[in-house]
Amino acid sequence: VMDKLTQDVLKSVQRHPHDFDSLEVKITMQTIKIRNIQKYLIELYPYKNQPCKHKLTHMITSRRKRLGRLREQDYKRYEWLLEKLNLLYKPMPHDAPDGVVIPKENIARKASIEKLTDLWCDELRRHRFKAYERKLEAEQPEFLIKKAEKLQFIMKEESELGLEPTVTQEDIDQCLEKAEAIKKKISSDNKEDDEYLIYKEEIEEESLTFKKITS
């Protein structure tokens, strides 16, 4: 019966039928062993089995480290696994990297979701500012060309009316040169996508529609 239950639990966390090496499967196997040992020690009370307790301590430490790695690699999968196995992950001070001291912290689902939401909003804001900046930069050449045309018109009108010139050919050439320089910059720039931890731009794919042509 225990083997059947173990197989059922493993199937519920496996990524595919031949998945036996992923962190989720290893954590699940350790959790099953830990709970079996805990049950054995509870039934053994008031007697003690010190070697068994020592083994249990090592297994819990190993599982906590694997949970920490899964949390860093795939936070959504980590949250899902905690809920699936009914676990509460509490990072310990000795889980920190060498030379870094962290206080003991209880992981609360609500607080974690709030942090993720704040991070997503910051990345969304940065993405939109960047997109708006690129849009304005792309519109600059056309604006400068129109400005040069207006200046050309003003210079011609002032010349025909015999007025004191307020626009020179140098001003017009500067606008055209600047427009050309911006065009070259836009065409030569390799637009690399910004790296985002959470935000992912949704690209709508155009659906192909076939219309019946009647002759």
For this session: Show your reasoning for whether ring pair (Phe, Tyr, Trp, His ring centres under 6.0 Å) applies to F129 and Y132.
Result: CA-CA 5 Å; F129 275 132; Y132 187 60; 8.1 Å; no
Distance-only criterion, 3.5 Å: show the donor-acceptor pairs between side-chain atoms of residues 138-157 and protein atoms not counting sequence neighbours.
none

For this session: Give the C-alpha distance, both sets of side-chain angles, the deciding distance and a yes or no for side chain to side chain contact (heavy atoms under 4.5 Å, CB included) between E123 and R126.
Result: CA-CA 5 Å; E123 291 183 349; R126 180 157 56 94; 4.0 Å; yes
Problem set entry | Inter-residue atom distance K184.NZ - I186.CD1, 0.5 Å rounding | 13.0 Å
Exercise. Is E170 atom CD crowded by more than 12 heavy atoms from other residues, nucleotides or ligands, each under 6.0 Å away?
Worked result: no
Problem set entry | Distance (rounded to the nearest 0.5 Å) between S187 OG and I182 CD1 | 12.0 Å
For this session: Please check if atom CG in D118 has more than 12 non-hydrogen atoms from other residues, nucleotides or ligands closer than 6.0 Å.
Result: yes
For this session: Return yes if some donor-acceptor pair links the side-chain N/O of N36 with the main-chain N/O of I32 below 3.5 Å, else return no.
Result: yes
Problem set entry | Gap separating the SG atom of C121 from the CZ atom of R125, nearest 0.5 angstrom | 6.5 Å
Acceptor/donor pairs from residues 8-15 side chains to any protein atom, 3.5 angstrom cut, sequence neighbours excluded:
| unit_1 | atom_1 | unit_2 | atom_2 | d |
| --- | --- | --- | --- | --- |
| D8 | OD1 | K4 | NZ | 3.2 |
| D8 | OD2 | K4 | NZ | 3.2 |
| S12 | OG | V9 | O | 2.5 |
| Q14 | NE2 | D19 | O | 2.8 |
| R15 | NE | E24 | OE2 | 2.7 |
| R15 | NH2 | E24 | OE1 | 3.4 |
| R15 | NH2 | E24 | OE2 | 2.7 |

Exercise. Just how far is it from atom CZ of R71 to atom CG of L82, taken to the nearest 0.5 Å?
Worked result: 9.5 Å
Side-chain donor/acceptor pairs under 3.5 Å, residues 39-58, sequence neighbours excluded:
| unit_1 | atom_1 | unit_2 | atom_2 | d |
| --- | --- | --- | --- | --- |
| K39 | NZ | E43 | OE2 | 2.6 |
| Y40 | OH | N49 | ND2 | 3.3 |
| N49 | OD1 | C52 | N | 3.2 |
| H54 | NE2 | H58 | NE2 | 3.2 |
| T57 | OG1 | K53 | O | 3.0 |

For this session: Treat each ILVMFWY residue as a node, draw an edge where side-chain heavy atoms are under 4.5 Å apart, and state whether I60 and L85 are in one component.
Result: no
Exercise. How long is the span from the OH atom in Y78 to the CD atom in E72, to the nearest 0.5 Å?
Worked result: 11.0 Å
Problem set entry | M59 reachable from L67 in the ILVMFWY side-chain graph, under 4.5 Å edges | no
For this session: Please determine which of Q30, M29, K33 meets the side-chain contact (heavy atoms from CB on, under 4.5 Å) test together with R63.
Result: Q30
Exercise. Rounded to the nearest 0.5 Å, how far does CG of L23 lie from CG of L81?
Worked result: 9.5 Å
